Amino acid sequence: MKKIQKLIAVFLFGLFLQTGCTRKAESTLILPNTIQKEWAEAEIGVIIHFDMPVYQPDYNFREWGTHPEPSIFNPTALDTDQWLEAAQKLGAKYAVLVAKHGSGFSLWPTKAHDYNISQSPWKDGKGDIVADFIASCKKYGIKPGIYASTTANGYLYVDNPGLVQPGGPVTQEEYNHMMVTQLTELWTNYGELFEIWFDGGVLSREQGGADVLSLVQKYQPQAIAFQGSYGHPNLVRWVGNEEGVAPYPCWATADSTTNSDGTVVVDGLHGDPNAPFWCPGEADFTLRWNRSFQGGWFWHAEQDHMMFTLDELMTKYETSVGRNTNMLLGIVINDRGLVPDADMQMIEAYGKRIKELYGAPFKSIKGTGEELIVTFDAPVSVDRLVLQEDITKGERVLDFDIYGKNKEDWSLLYNGSNIGHKHIVRFTPTEVKEIKLQVKKAKARPEILNFSVYKTID
């Protein structure tokens with residue numbers, strides 16, 4: 001009997017060691033699923049804001065009971081095709097509509113409460129902006145997403161992180177029920193969504209919130225969720241600011257996500273190359289200055305001049321997409337229901353500049369191993385390059401150098417750590433005949449999907 005017990009013990013101990021090794025290997029090389037890979041490859045998205053501040057600029061949703069009447073919401077020229085045309089000109093692959101922001105006013109005819117588009121004069125109360133948006137996404141081949149804040153609702157006296165404030169017209173339980181009703185409508189009536197946005201996160205059940213995680217798993221299990229319920233497999237995280245500047249390094253793996261509301265800069269959101277979850281960053285920013293009306297997220301008359309320059313916007317592209325995150329550009333809608341002309345012109349110019357600078361590399365290679373060299377027929381002046389790992393095999397590179405050589409000696413041009421889906425490297429224009437990627441530290445043999453070099457543009 002003791003011999004049998006001993007054999008069983010040895011077997012179980014061996015199984016434990018084997019399992020432990022497997023877990024250790026998996027914990028050091030986390031892989032994205034198919035949905036997460038598709039999201040990373042999209043790279044560029046837009047987020048579209050349209051709410052009561054457009055019609056009543058002095059409105060503050062935290063001044064409870066002062067919400068504007070639905071009758072003032074009347075976008076007489078509203079055209080969601082024009083919105084998606086703007087997204088297409090940028091080169092966006094997905095678009096997120098803010099279906100309900102802080103006011104609580106809902107852009108679809110929700111059954112949860114009366115503060116919605118059906119009570120407005122637009123289309124005699126028979127319109128549905130969410131439905132129009134989804135139809136335009138399909139028309140332009142852009143993947144749809146929906147933002148519906150669960151943490152703030154001026155109409156119902158709800159403030160972060162989703163709690164009904166004293167004197168509110170509903171109880172916390174009643175608000176939770178309304179929120180579930182609205183999320184169910186948005187997640188069942190408009191088809192499959194590419195991304196759902198939870199600005200400020202989600203109030204957990206332990207804190208008195210609704211069971212949002214079960215709703216996501218039931219109705220939109222394939223959707224990417226920004227700051228969504230902990231436990232959803234397709235989460236993405238905030239990068240710590242609304243300026244389009246991801247920290248560097250910005251690993252796609254993380255220990256947890258943040259419930260930050262996006263208004264305070266947070267340090268230390270680099271992720272962790274040894275963390276157990278694939279949870280990449282998304283860098284949201286506005287076309288207009290952060291000090292403009294409502295942080296640049298909502299339209300205000302006579303602020304067309306308050307836009308970033310094209311060069312400033314290109315820097316934001318390089319510090320978002322170029323730092324292993326997706327960029328999400330905020331697009332405003334004016335009181336007529338259109339992307340303003342000035343914004344449309346800048347968005348189109350932005351999309352063209354991205355293509356001009358990064359659409360056609362001078363030379364590209366790919367390969368496996370610690371060293372890759374791009375060789376030119378004759379010396380050429382270069383000032384930037386793009387590196388991409390095959391993320392289906394994990395983020396493997398931990399430390400690397402870029403060297404250039406013109407005649408005999410190699411010169412160090414750049415040192416970096418994280419590559420991930422995409423890393424853009426900028427350096428002083430340098431004339432070289434060869435450029436070398438030298439990986440100094442990696443979790444496993446590097447798998448470089450793209451090593452592209454770009455000529456200096458005068």
Side-chain angles (χ1 to χ4, degrees), residues 47-78 83 96-110 112-123 125 127-130 133 146-170 175 178-179 182 186 197-200 242 261-264 284 286-307 330-340 343:
I47 184 166
I48 301 169
H49 284 70
F50 191 33
D51 192 22
M52 283 299 181
V54 170
Y55 294 94
Q56 188 171 315
D58 62 350
Y59 168 62
N60 180 351
F61 82 85
R62 289 189 173 93
E63 294 178 0
W64 313 121
T66 65
H67 47 276
E69 292 298 319
S71 59
I72 72 170
F73 193 93
N74 190 23
T76 54
L78 187 141
W83 304 359
V96 178
L97 173 66
V98 179
K100 184 191 75 64
H101 200 256
S103 72
F105 184 78
S106 304
L107 301 186
W108 77 102
T110 179
H113 55 67
D114 290 335
Y115 199 51
N116 67 71
I117 198 70
S118 70
Q119 303 301 308
S120 80
W122 182 67
K123 289 191 175 181
D128 184 338
I129 295 177
V130 175
F133 165 77
I146 288 179
Y147 167 135
S149 172
T150 64
T151 58
N153 188 315
Y155 177 65
L156 298 175
Y157 295 35
V158 177
D159 203 354
N160 296 324
L163 295 172
V164 177
Q165 302 302 300
V170 295
Y175 171 68
M178 289 179 174
M179 185 181 67
Q182 291 202 307
L186 290 171
W197 241 71
F198 295 100
D199 197 5
E242 296 181 340
D261 63 7
T263 61
V264 179
D284 57 321
T286 57
L287 193 66
R288 294 158 186 249
W289 301 341
N290 301 93
R291 64 179 182 273
S292 62
F293 178 69
Q294 295 279 337
W297 295 109
F298 289 98
W299 175 83
H300 191 283
E302 299 180 357
Q303 287 196 345
D304 288 352
H305 65 287
M306 299 180 73
M307 281 191 280
I331 292 181
V332 301
I333 305 301
N334 65 21
D335 55 354
R336 299 178 61 231
L338 298 171
V339 178
D343 297 60

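The structure presented is a predicted model; accordingly, all values stated were derived computationally and were not measured.
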ask   = So, F105 versus H67, ring centres under 6.0 angstrom or not?
value = no
query = Do the ring centers of H101 and F50 come within less than 6.0 Å of each other?
reply = no
query = Any Lys/Arg nitrogen of K123 or D128 sitting under 4.0 Å from an Asp/Glu carboxylate oxygen of the other?
reply = no
key: D304 bridged to R288 by N-O distance under 4.0 Å   = yes
Between the side chains of [X] and [Y], is a donor N or O closer than 3.5 angstrom to an acceptor N or O?
X: N116; Y: T110; value: no
X: E242; Y: T286; value: no
X: Y147; Y: D199; value: yes

Distance check, rounded to the nearest 0.5 Å: [X] atom [atom1] versus [Y] atom [atom2]?
X: W297; Y: H49; atom1: CH2; atom2: NE2; answer: 6.0 Å
X: S120; Y: Y55; atom1: OG; atom2: OH; answer: 8.5 Å
X: D159; Y: T151; atom1: CG; atom2: OG1; answer: 8.0 Å
X: S106; Y: D114; atom1: OG; atom2: CG; answer: 10.5 Å
X: F298; Y: Q303; atom1: CZ; atom2: CD; answer: 13.5 Å
X: S149; Y: F61; atom1: OG; atom2: CZ; answer: 7.5 Å

Student check: side-chain heavy atoms of [X] and [Y] closer than 4.5 Å:
X: P53; Y: F293; value: yes
X: L97; Y: W83; value: yes
X: F73; Y: I117; value: yes
X: I48; Y: V96; value: no
X: L156; Y: M178; value: yes
X: N74; Y: T76; value: yes
X: I146; Y: V130; value: yes
X: V164; Y: V170; value: yes

Quick check against the 3.5 Å criterion: does [X] have a side-chain atom that pairs as donor or acceptor with the backbone of [Y]?
X: N153; Y: Y155; answer: yes
X: K100; Y: Q182; answer: no
X: Q294; Y: S292; answer: no

key: Verdict with supporting geometry, Y115 and M52, side chain to side chain contact (heavy atoms under 4.5 Å, CB included)   = CA-CA 11 Å; Y115 199 51; M52 283 299 181; 3.7 Å; yes
key: Audit row: V54, I333, side chain to side chain contact (heavy atoms under 4.5 Å, CB included) steps and yes/no   = CA-CA 8 Å; V54 170; I333 305 301; over 6 Å; no
ask   = What are the two closest heavy atoms between D51 and G102, and how far apart are they?
value = OD2-N, 4.0 Å
inquiry  = Atom CD of residue position E69 - does it have more than 12 heavy atoms of other residues, nucleotides or ligands inside 6.0 Å?
reply    = no
query = Can you list the steps and then say if L287 with V332 is a side chain to side chain contact (heavy atoms under 4.5 Å, CB included)?
reply = CA-CA 8 Å; L287 193 66; V332 301; over 6 Å; no
